[in-house]
Every structure is written in structure tokens, then in C-alpha cells.
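Here's the structure we're looking at; comments come further down.
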Amino acid sequence: MLFGQHLDRFQTLLGLTPVKTVTIEVLGRPRRIHLKLEGHNLTGSVKARTAYGLVRGLAEEGRLRPGVELLESTSGNLGVALASMARYLGVGFSAVVDPMITAECRDRLGELGATVIEVDRPDPVGGYLLSRLARVEELLASDERYVWANQYENRRNPEIHRTMTGPEILGQFGANPPDALFAAVSTGGTYAGLAECFREHSPRTRLVAVDIKGSVALGGPPGTRHLSGIGASRQSSFVEPHMIDHLAFADIGEAAYYCRLVLKEAGIHLGGSSGAVVAACVRHLAEHPEITDPLCICADGGEKYQSTIYSDEWLESIGESMTPLSACQPYCTAGMG
Ligand SMILES: Cc1ncc(COP(=O)(O)O)c(C=O)c1O
């Protein structure tokens, strides 16, 4: 297989991200929450794993050759991960992005030598994904050097989380696996792969998918979305109903509240989708006193969200305010558990 040795070496740099435990007071009772911190992964997000899975698949299928231009539609993190891989392998990479990409991700793509192609026309579902995919189709038709990784439909996406991320987590927890797992859904690759792994190896773990208002990833009504990384303008090709024990919809004000609480009280800097996942977890804990060891998949860190989820001006500009969960106040304290 072409690039085999390079890919093997890349794999040794991936994963083994830490799990940290915080305690958050929920309805007056301190509750432990475990956080799987994918911001510590190579390239700063869970998407390092996805990029590796997708690129390895292309190499195994003989589609990755010197001279190709790797192509992907991305909201940011996968683009940065693919750009790093492409640079490492010595192939080109073009990222089709939209205005929701953070300035930090866009700069990083440029630094890594990626060609950045931005669409600016919102799609009819309130996001940009469908516009990005239309641009990908145009590019594929225009030049046969393009090879599309296709994170939306390529089974290698959930597979890498079933075979790498899931077993890594189960190994970290040993004899006491989490009794509930919370993860954000965009393509649904991370969630679906973890769900398949946990259904097989830890069937008592409750699986909670976290989406955001306005996303149709799991069949919700379409609407405007402002946060990158969570939700999508198309239905997930990977998440099936039997993989979901509970479906949660977080909102941005709640995500902002928990991002800032965890930073202030525990010193852990979470990205926006991670704040949404923690918010969904807290809400679930309020309704389920029996859960003792929930795990939140925190897809990235907070560094690139200073001008969005950590900014009061930004929240105000999109008509949101920072709120603890409206249904079940008050939660106020977090600290290392
Ligand atoms: C910040 C963040 N959270 C969550 C996800 C969810 O990933 P998936 O596409 O596997 O559903 C992503 C994916 O880009 C992400 O960047």
C-alpha cells in the first residue's frame, strides 16, 4: 500500500487523550462528570482520528497517489486534521469551508498549506453544508486530481471511532465503564462508531446523542445555527435509531454557561460543542439521579472559540445570553472530582 509506513507512523501519534473528572452541583447534589479531552489529540480535536481513518481508507483502496489533491467539505477541525496529514504525506489538500469557520481554524489551514475555498451562500436548511457539498461536486467534475474523503458517507469515519476511540475509552475505565455516554453529532461519525463499540462491549451504558437547535442531523426541524462542529444541514448517514437511548438538544446559551463554568472552576478550556454536551449531561443528571459515572466526549478545546462562545458580545450579536439550564436551576459549582 502506498504511504503505508507514513500512515503507521501517524497512527502512533494519535489518541490516548486524557479523561478528567469534574464535579458539578446539580439540583443541590454534587455530581461527577468525566470529560474525554480530545482537544489534547494531535491537531487539537477528535477529527485527527477521523482524518486518519478516512485517509487510510483511501490509501488502502489505491485512491491516494502522489499528485492527487485531497478534497473535503469541513467546518474546521477535520480540515485542520486533513491538512496536517496531507502535508505529512506530501499531497495537496483543498478545504471547502463557509463563514462559520473560526478565524483561528482558517489561519491554521493557511499555515498548513491548504487551499481554502469559501462558499458564502446559505443553504435552504439554515446552514452552509449543502452549498459546500455542491461546490465539492463542481470541483470533482472540474479536475480528476481531486479525491474526496467524504466524511458524510464514508464508513471509515464511524469505523475509526468503533475500533480506536471506543476501545481506548473502555481501556481507560477498566472494570467500571461509564454508565452514560454523551457525544455531539455533526456527521454522526464519532457518535455512531462509539455507539457500536459500547453496544457490543458495554451494553448497559446509556447512549445520549447531543444535537443543537436548527440541526437536521438527527431529524430535528431546520433553523439557523451559529456554532461550528455540532449539528448539520443534512441527516447523518451513520446514526441509526437503535444507537440512541436519549436525544438531547442543547442551546448556545447553555453551552456558553457550561464552557465558562468548567473553565473558571476546573481550569479546563472546552470548545463550544463540548459545552453543549456538558449542558446536555447536566440536564440528564437532573432527571436521572441513578447515573453515577457519565462520560462527555469533548471534541476540542476552547482556544479557537474566544471570539464566539467565550465572548459576551458574540452571544448578544446572535440574540443569546448565557444561561444555566432553564428547566432546572441552580447549578453553580464545579471543581476537580
Ligand atoms: C467541535 C466538534 N464537535 C463535535 C464534532 C462531531 O463530529 P462528527 O462529525 O463525528 O459527528 C465535531 C466534528 O467536526 C467537531 O469539530
Side-chain angles (χ1 to χ4, degrees), residues 17 35-41 43-54 72-83 95-98 100-102 104-106 108-109 127-129 132 149-162 164-166 181-197 207-212 215-218 225-240 243-244 247-248 250 252 255 259 269-280 296-305 308-309:
T17 51
L35 308 175
K36 174 79 169 159
L37 297 176
E38 287 294 308
H40 289 253
N41 215 333
T43 76
S45 81
V46 71
K47 288 291 187 175
R49 302 176 194 263
T50 312
Y52 168 75
L54 293 170
E72 187 56 294
S73 149
T74 166
S75 61
N77 280 336
L78 183 68
V80 171
L82 284 174
V96 179
V97 305
D98 65 51
M100 265 165 53
I101 189 171
T102 62
E104 294 85 346
C105 266
R106 177 186 257 288
R108 190 89 188 98
L109 285 172
Y128 290 90
L129 175 54
R132 278 197 262 133
N150 195 357
Q151 60 167 328
Y152 307 98
E153 288 172 337
N154 189 336
R155 275 292 312 168
R156 300 281 182 157
N157 174 356
E159 267 309 286
I160 197 70
H161 298 290
R162 184 180 73 81
M164 177 196 275
T165 322
L181 174 82
F182 296 78
V185 172
S186 181
T187 66
T190 308
Y191 181 87
L194 289 175
E196 285 172 335
C197 175
L207 301 176
V208 183
V210 184
D211 204 345
I212 195 125
S215 160
V216 305
L218 300 177
R225 293 177 292 117
H226 300 281
L227 203 56
S228 66
I230 180 169
S233 325
R234 57 165 282 176
Q235 200 151 357
S236 169
S237 310
F238 309 124
V239 181
E240 294 171 25
M243 298 173 178
I244 302 178
L247 170 57
I252 293 189
C259 276
H269 202 182
L270 298 177
S273 77
S274 308
V277 169
V278 172
C296 292
I297 306 297
C298 298
D300 65 3
E303 305 75 16
K304 48 188 180 289
Y305 298 91
T308 54
I309 203 86

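Both counts, for ligands and for their atoms, begin at 1 and track the order of listing. Small disclaimer: the values here were computed from a predicted structure and weren't measured.
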Original post:
Who's the nearest protein heavy-atom neighbour of atom 8 (P) of ligand 1, and how far?
Top reply: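 That would be Thr187 OG1, 3.4 Å.
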
Original post:
How far is atom 12 (C) of ligand 1 from its nearest protein heavy atom, and which residue and atom name does that atom have?
Top reply: Gly229 O, 3.2 Å

Original post:
Looking at Ser186, Ser73, Ser236, which hits side-chain hydrogen bond (donor to acceptor under 3.5 Å, both in side chains) with Tyr152?
Top reply: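 Passing option: Ser73.
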
Distance under 4.0 Å to a non-hydrogen atom of [X]: what atoms of ligand 1 satisfy this?
{"X": "Tyr305", "answer": "1 (C)"}
{"X": "Ser273", "answer": "1 (C), 2 (C), 3 (N), 4 (C)"}
{"X": "Asp300", "answer": "1 (C)"}
{"X": "Val185", "answer": "11 (O)"}
{"X": "Gly189", "answer": "10 (O), 11 (O)"}
{"X": "Gly188", "answer": "8 (P), 9 (O), 11 (O)"}
{"X": "Ala299", "answer": "1 (C), 2 (C), 3 (N), 4 (C)"}
{"X": "Thr190", "answer": "7 (O), 8 (P), 10 (O)"}

Original post:
Relative to ligand 1, is His161 under 4.0 angstrom through side chain, backbone, both or neither, heavy atoms considered?
Top reply: neither

